[in-house]
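Shown below is the structure under consideration.
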Amino acid sequence: MGKEVQQAEAMRTAFIRILIEDVIGALALHEMDGSQSHRRHLIRALFTAIEGMVWTYREHVVGVAKSCDTLTFEEELAFSEFSYSVTSQGKIVEVARFVPLLAMFRLTTKLAERLDQNLIVRFDDTGWEALRRTVEIRNRITHPKSEADLEISEPDLSTCRVGFDWLFELSLMAMESTNVAYRKFTEELGSILESLKRSDPDTIAAYDAAAKSIQDL
């Protein structure tokens with residue numbers, strides 16, 4: 001593993017640690033005083049951690065896909081959250097396109113599954129449903145329209161904690177899975193380079209055929 005990759009992993013680990021420490025702190029406050037204020041604080045801490053984890057997961061998987069040259073042009077545009085428009089003066093301008101959190105999470109997961117076909121994520125279980133409800137609960141207290149919208153019940157808290165746990169466990173598992181896929185890719189690439197150095201006829205023939213197919217495009 002290169003120095004730059006190691007540094008990125010260290011920064012990612014430190015970032016995730018801070019997110020989790022904030023959740024632990026909010027949990028401690030809630031356990032000392034389960035007021036509505038502390039319940040809302042806990043929900044916000046949980047959701048901040050979820051948003052941070054989705055961003056980390058997304059950047060990691062996209063980075064691996066680019067390294068393995070498997071990211072499509074359409075995917076790259078989608079992950080950039082930008083599109084392009086042409087003004088009446090003929091000028092090309094970037095247009096921001098917000099992708100909802102859950103949609104971005106599913107797009108990232110589909111890419112991770114493509115990188116490692118042994119990775120299978122189910123979106124028909126209680127974890128995914130809890131995450132969906134977590135988004136709804138967070139939105140309700142962030143954009144309240146009545147006093148009732150600010151009320152957080154114990155079942156609400158339980159749902160959010162389940163959603164948080166499910167997303168973190170899945171994201172960490174998928175990132176490790178894509179790391180394995182990347183290591184396999186680099187090992188195979190190294191093997192091909194060694195074969196080319198040895199002037200292996202089969203490898204050279206496959207290389208020439210691939211180069212010709214690219215030229216014919």
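Please read these numbers as outputs of a predicted model, since none were measured by experiment. Throughout, residue positions are numbered sequentially from 1 according to the sequence presented.
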Is it true that R39 and E154 make a salt bridge, defined as a side-chain N closer than 4.0 Å to a carboxylate O?
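Here R39 pairs with E154 in a salt bridge, since their nearest N and O are under 4.0 Å apart.
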
Atom pair SG/CD1 of C160 and I43 - distance to nearest 0.5 Å:
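Nearest 0.5 Å value for the SG-CD1 distance: 3.5 Å.
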
Can you see which heavy atom on A45 is nearest to which on D22, and at what distance?
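That closest heavy-atom pairing would be CB-O, 4.1 Å.
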
For T72, what residues pass the side chain to side chain donor-acceptor pair (under 3.5 Å) criterion, not counting sequence neighbours?
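In terms of side chain to side chain donor-acceptor pair (under 3.5 Å), with neighbours along the sequence ignored, T72 is linked to E75.
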
Sequence-distant partners of R133, side-chain contact (heavy atoms from CB on, under 4.5 Å), two or more places apart:
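Checked R133 against side-chain contact (heavy atoms from CB on, under 4.5 Å); matches are E129, E136, I137, D156, T159.
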
Rounded to the nearest 0.5 Å, how far does CE of M175 lie from OG1 of T108?
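So the OG1 of T108 and the CE of M175 are separated by 10.5 Å.
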
With sequence neighbours excluded, residues passing side-chain contact (heavy atoms from CB on, under 4.5 Å) with I24:
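Counting only residues at least two positions away or on another chain, I24 forms a side-chain contact (heavy atoms from CB on, under 4.5 Å) with I20.
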
Please tell me whether V23 and W55 are part of a single hydrophobic cluster in this structure, the criterion being side-chain heavy atoms less than 4.5 Å apart.
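No, it is not one cluster - the side chains of V23 and W55 are not joined through contacts under 4.5 Å.
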
Contacts of type side chain to side chain donor-acceptor pair (under 3.5 Å), residue T178, not counting sequence neighbours
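For T178, the residues satisfying side chain to side chain donor-acceptor pair (under 3.5 Å) (neighbours in sequence not counted) are H60.
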
Using the test side chain to side chain donor-acceptor pair (under 3.5 Å), find all partners of T56 that sit at least two apart in sequence or belong to another chain.
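Per chain and number, T56 pairs via side chain to side chain donor-acceptor pair (under 3.5 Å) with no residue.
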
Members other than F73 in its cluster, when Ile, Leu, Val, Met, Phe, Trp, Tyr link by side-chain heavy atoms under 4.5 Å?
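L77, Y84, V86, I92, which link up through side-chain heavy atoms under 4.5 Å apart, make up the rest of the cluster.
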
With Q117 via side chain to side chain donor-acceptor pair (under 3.5 Å) - residues at least two apart
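Result, side chain to side chain donor-acceptor pair (under 3.5 Å) vs Q117: none returned.
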
For the pair R140 (side chain) and E151 (backbone), establish whether a donor and an acceptor sit closer than 3.5 Å, ignoring hydrogens and angles.
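The answer is yes, because a donor-acceptor pair under 3.5 Å joins these two groups.
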
To the nearest 0.5 Å, what is the distance between CG (N118) and CD1 (I120)?
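N118 atom CG to I120 atom CD1 measures 7.5 Å (nearest 0.5 Å).
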
Please find the pair of heavy atoms, one from L115 and one from A181, that lie closest to each other, and give the distance.
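What the structure gives for the nearest pair is O-CB, 3.4 Å.
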
Check whether S177 reaches the backbone of M173 with its side chain - one donor and one acceptor, N or O, closer than 3.5 Å.
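A pair under 3.5 Å: no.
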
Please assess L102 against F123 for the test side-chain contact (heavy atoms from CB on, under 4.5 Å), listing each intermediate value before the final yes or no.
CA-CA 11 Å; L102 296 182; F123 287 95; over 6 Å; no

Hydrophobic cluster membership, with links at side-chain heavy-atom distances under 4.5 Å among I/L/V/M/F/W/Y: are V121 and V54 in one?
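Same hydrophobic cluster.
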
Quick check: is L172 connected to L131 through a chain of hydrophobic side chains (ILVMFWY, heavy atoms under 4.5 Å apart)?
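L131 clusters together with L172.
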
How about E76 and K66: do any of their side-chain heavy atoms sit closer than 4.5 Å?
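Result yes, sub-4.5 Å side-chain heavy-atom pair found.
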
Mind checking side-chain contact (heavy atoms from CB on, under 4.5 Å) for L107 and listing every partner two or more places apart, or none if nothing turns up?
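If we apply the side-chain contact (heavy atoms from CB on, under 4.5 Å) test to L107, skipping adjacent residues, the hits are A78, F79, M104.
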
Given the rule in the side-chain contact (heavy atoms from CB on, under 4.5 Å) test, do L42 and L27 qualify, once you have shown the distances and angles that lead to the verdict?
CA-CA 6 Å; L42 176 54; L27 280 168; 3.7 Å; yes

Distance (rounded to the nearest 0.5 Å) between T134 OG1 and L157 CG
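Atom-to-atom, T134:OG1 and L157:CG are 10.0 Å apart.
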
Looking at I152, is its backbone amide N or carbonyl O close enough to the side chain of Q36 to form a donor-acceptor pair, meaning the two atoms are under 3.5 Å apart?
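Confirmed, Q36 side chain pairs with I152 backbone.
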
With sequence neighbours left out, which residue pairs that include part of residues 137-165 fulfil the ring-ring contact (aromatic ring centres under 6.0 Å, His included) condition?
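Every pair satisfying ring-ring contact (aromatic ring centres under 6.0 Å, His included) with a residue in residues 137-165: F164-F168.
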
How would you list, by chain and number, every residue that makes a salt bridge (charged side-chain N to carboxylate O under 4.0 Å, His left out) with E176, sequence neighbours excluded?
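Partners of E176 by the salt bridge (charged side-chain N to carboxylate O under 4.0 Å, His left out) criterion, ordered by chain and then number, come out as R183.
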
Taking the inter-plane angle between the rings of F105 and W128 on a 0 to 90° scale, is it parallel (under 30°), tilted (30 to 60°) or perpendicular (over 60°)?
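Ring orientation of F105 relative to W128: parallel.
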
Could you measure the distance from the CH2 atom of W166 to the CD1 atom of I50? Nearest 0.5 Å is fine.
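Separation between the atoms: 10.5 Å.
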
Applying side-chain contact (heavy atoms from CB on, under 4.5 Å), run through R12 and E59 and close with a yes or a no.
CA-CA 10 Å; R12 184 177 297 118; E59 291 298 288; 5.6 Å; no

For the atom pair CG (L119) and NZ (K110), what is the distance rounded to the nearest 0.5 Å?
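Spacing of CG (L119) from NZ (K110) equals 13.5 Å.
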
Considering residues at least two apart in sequence or located in another chain, which fulfil the ring-ring contact (aromatic ring centres under 6.0 Å, His included) criterion with F15?
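Not a single residue meets the ring-ring contact (aromatic ring centres under 6.0 Å, His included) criterion with F15.
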
Please check this pair: side chain of D149 against backbone of S146, looking for a donor-acceptor N/O pair closer than 3.5 Å.
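Confirmed, D149 side chain pairs with S146 backbone.
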
Starting from L46, can I reach V135 by hopping between I/L/V/M/F/W/Y residues whose side chains sit under 4.5 Å apart?
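Yes, same cluster.
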
Any carboxylate oxygen within less than 4.0 angstrom of a Lys/Arg side-chain nitrogen, looking at R58 and E81?
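Yes.
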
Identify the residue among V62, L170, L167 that makes a side chain to side chain contact (heavy atoms under 4.5 Å, CB included) with Y57.
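Testing Y57 for a side chain to side chain contact (heavy atoms under 4.5 Å, CB included) against V62, L170, L167 leaves exactly one candidate, L170.
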
I'd like to know if I141 and L29 are part of one continuous hydrophobic network [Ile/Leu/Val/Met/Phe/Trp/Tyr, side-chain heavy atoms within less than 4.5 Å].
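No, L29 and I141 fall in different hydrophobic clusters.
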
side-chain hydrogen bond (donor to acceptor under 3.5 Å, both in side chains) partners of residues 23-34, not counting sequence neighbours, each pair once
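Applying side-chain hydrogen bond (donor to acceptor under 3.5 Å, both in side chains) to every pair that reaches into residues 23-34, excluding sequence neighbours, yields nothing.
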
